[in-house]
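The block underneath contains the structure these notes are about, expressed in structure tokens.
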Amino acid sequence: MKRISLLFFVKRAKKTIHGTAPIYVRITIANSRIELSAKKSVDLNKWNPIAQKVIGSTEEVKRINAYLKMLEQNIYEVHQQLVQEGKAITTEEVKSRLTGKKETFRSLIDIFKEHNQQVKALVGQEFAKGTLERYETSLKHTINFLKWKYQKTDIDIQAINHEFITSYDFYLRSVRRCANNSTVKYIKNFKKVIRICIANGWLLRVSLKFLDPKKH
């Protein structure tokens with residue numbers, strides 16, 4: 001299970017002429033993080049960065065601290081819901097549930113299949129038949145990997161990160177017993193699909209260096 005960590009802080013860069021600044025919460029899951037506005041502002045002199053709360057005993061201070069505590073609980077509850085539902089635990093999914101703005105689910109396997117269909121249509125023109133066969137084999141390995149690692153037949157592309165790639169590489173080398181050259185080719189094929197996702201703006205947080213065959 002991916003651990004989640006929270007940090008409440010004030011954005012000093014957005015300090016007003018009245019000496020107040022907005023409170024934000026930074027949500028970190030694995031190597032991904034997002035920052036959300038807590039929709040509260042505070043006097044910079046009254047913010048305790050270590051305790052992550054407002055200093056004082058006035059009713060207004062108590063209301064803000066109680067609100068931050070409630071927001072913290074809501075975030076942890078969303079995280080627990082994702083765990084129980086077996087969904088991809090990503091910062092984007094947590095954000096969408098907190099804000100009520102559901103992100104569009106984009107299927108890795110559907111994107112891979114669509115890519116292969118396009119290659120198939122261009123066999124004899126831009127691609128050789130052997131190229132299509134390699135992509136089809138790569139797709140089968142990806143589907144089997146998802147079943148092996150996640151007990152799923154598909155996955156949201158937002159769940160693809162460094163851990164996903166290294167596990168996929170391990171699967172190819174150990175479970176499938178692929179030779180080094182074959183593993184590099186399958187990772188390269190997978191890399192093209194990820195590039196499509198990034199080019200379309202569907203995936204922003206995957207560093208392509210994790211997919212560099214030369215790293216393996």
Side-chain angles (χ1 to χ4, degrees), residues 1-5 27-34 79-94 103-120 122-123 126-216:
M1 178 180 72
K2 294 182 180 178
R3 297 183 60 183
I4 182 172
S5 63
I27 305 173
T28 303
I29 300 175
N31 296 319
S32 176
R33 64 170 55 177
I34 57 171
H79 178 261
Q80 189 59 36
Q81 287 173 3
L82 293 174
V83 172
Q84 294 174 346
E85 295 171 10
K87 298 288 183 64
I89 303 175
T90 65
T91 51
E92 289 79 9
E93 182 63 24
V94 171
E103 299 291 333
T104 302
F105 176 91
R106 294 196 183 278
S107 156
L108 170 63
I109 300 305
D110 284 348
I111 294 171
F112 210 141
K113 287 181 177 179
E114 182 178 355
H115 165 268
N116 287 6
Q117 286 297 320
Q118 292 175 352
V119 172
K120 183 178 181 179
L122 294 174
V123 167
E126 296 184 20
F127 299 100
K129 184 177 180 181
T131 301
L132 173 62
E133 292 174 349
R134 286 195 295 274
Y135 276 119
E136 290 291 358
T137 301
S138 183
L139 173 59
K140 290 178 182 178
H141 282 323
T142 303
I143 293 174
N144 290 330
F145 166 69
L146 292 179
K147 293 177 181 177
W148 173 79
K149 175 71 174 179
Y150 303 100
Q151 294 77 54
K152 296 181 178 180
T153 57
D154 206 346
I155 197 169
D156 190 329
I157 60 172
Q158 293 295 334
I160 299 172
N161 54 21
H162 187 195
E163 179 188 2
F164 183 99
I165 302 304
T166 54
S167 294
Y168 188 26
D169 180 88
F170 172 79
Y171 168 81
L172 291 172
R173 295 175 185 273
S174 61
V175 178
R176 301 304 305 178
R177 296 185 180 279
C178 295
N180 181 68
N181 288 343
S182 295
T183 299
V184 169
K185 289 179 181 179
Y186 293 137
I187 293 294
K188 185 177 180 180
N189 292 343
F190 188 81
K191 178 179 179 178
K192 183 180 179 183
V193 175
I194 299 306
R195 283 189 180 278
I196 291 173
C197 295
I198 294 175
N200 282 283
W202 303 333
L203 189 61
L204 303 175
R205 297 183 179 277
V206 171
S207 174
L208 285 179
K209 67 181 181 180
F210 295 143
L211 293 166
D212 189 349
K214 296 179 181 178
K215 300 291 183 181
H216 299 282

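Quick caveat: nothing in here was measured; it's all calculated off a predicted structure.
- Within the 4.5 Å cutoff, no side-chain heavy atoms of K147 are placed close to those of K152.
- Going from atom NE2 of H162 over to atom OG of S167 covers 9.5 Å, rounded to the nearest 0.5 Å.
- Under 3.5 Å, the side chains of N180 and R173 contain a donor-acceptor pair of N or O atoms.
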Evaluation steps, side-chain contact (heavy atoms from CB on, under 4.5 Å), between I109 and L146: CA-CA 10 Å; I109 300 305; L146 292 179; 3.8 Å; yes
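- For the atom pair I34 CD1 and I27 CD1, the distance stands at 4.5 Å (nearest 0.5 Å).
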Exercise answer: donor-acceptor pairs, residues 127-139 side-chain atoms, under 3.5 Å, sequence neighbours excluded:
from : atom 1 : to   : atom 2 : distance (Å)
T131 : OG1    : R134 : NH2    : 3.3
T137 : OG1    : E133 : O      : 2.9

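- Every residue meeting the side-chain hydrogen bond (donor to acceptor under 3.5 Å, both in side chains) condition with T142, not counting sequence neighbours, appears here in chain and number order: Y168.
- Within the 4.5 Å cutoff, the side chain of K149 has no heavy atoms near those of the Y171 side chain.
- A distance of 9.0 Å separates CG of D156 from CG of D154, quoted to the nearest 0.5 Å.
- K113 pairs by the side-chain hydrogen bond (donor to acceptor under 3.5 Å, both in side chains) definition with nothing, not counting sequence neighbours.
- Minimum heavy-atom separation, H79 to R3: NE2-C, 4.5 Å.
- Within 6.0 Å of NZ in K120 there are 12 or fewer heavy atoms belonging to other residues, nucleotides or ligands.
- Of the inter-residue distances, the one linking S174 atom OG with W148 atom CH2 reads 5.5 Å to the nearest 0.5 angstrom.
- Using a 4.5 Å cut-off on side-chain heavy atoms (C-beta onward), L172 and H141 make contact.
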Residue pair F145, F190: steps toward the ring pair (Phe, Tyr, Trp, His ring centres under 6.0 Å) verdict: CA-CA 12 Å; F145 166 69; F190 188 81; 8.3 Å; no
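- Separation of atoms CG (L122) and CD (Q117) is listed at 11.5 Å; rounding is to 0.5 Å.
- For the pair I111/I157, a side-chain contact is recorded, criterion being any heavy-atom separation below 4.5 Å from C-beta on.
- Inter-residue side-chain proximity for L108 and I160 is flagged as met; some heavy-atom pair is nearer than 4.5 Å.
- Nearest approach of T28 to A30, heavy atoms of both residues: CG2-O, 3.8 Å.
- Once rounded to the nearest 0.5 Å, the distance linking NZ of K185 with NZ of K188 reads 9.0 Å.
- Side chains of N189 and Y186 form a contact here, defined as non-hydrogen atoms less than 4.5 Å apart.
- With S32 contributing its side chain and I29 its backbone, the two residues share no donor-acceptor pair below 3.5 Å.
- Taking the side chain as every heavy atom from C-beta outward, V175 and N144 never approach each other to under 4.5 Å.
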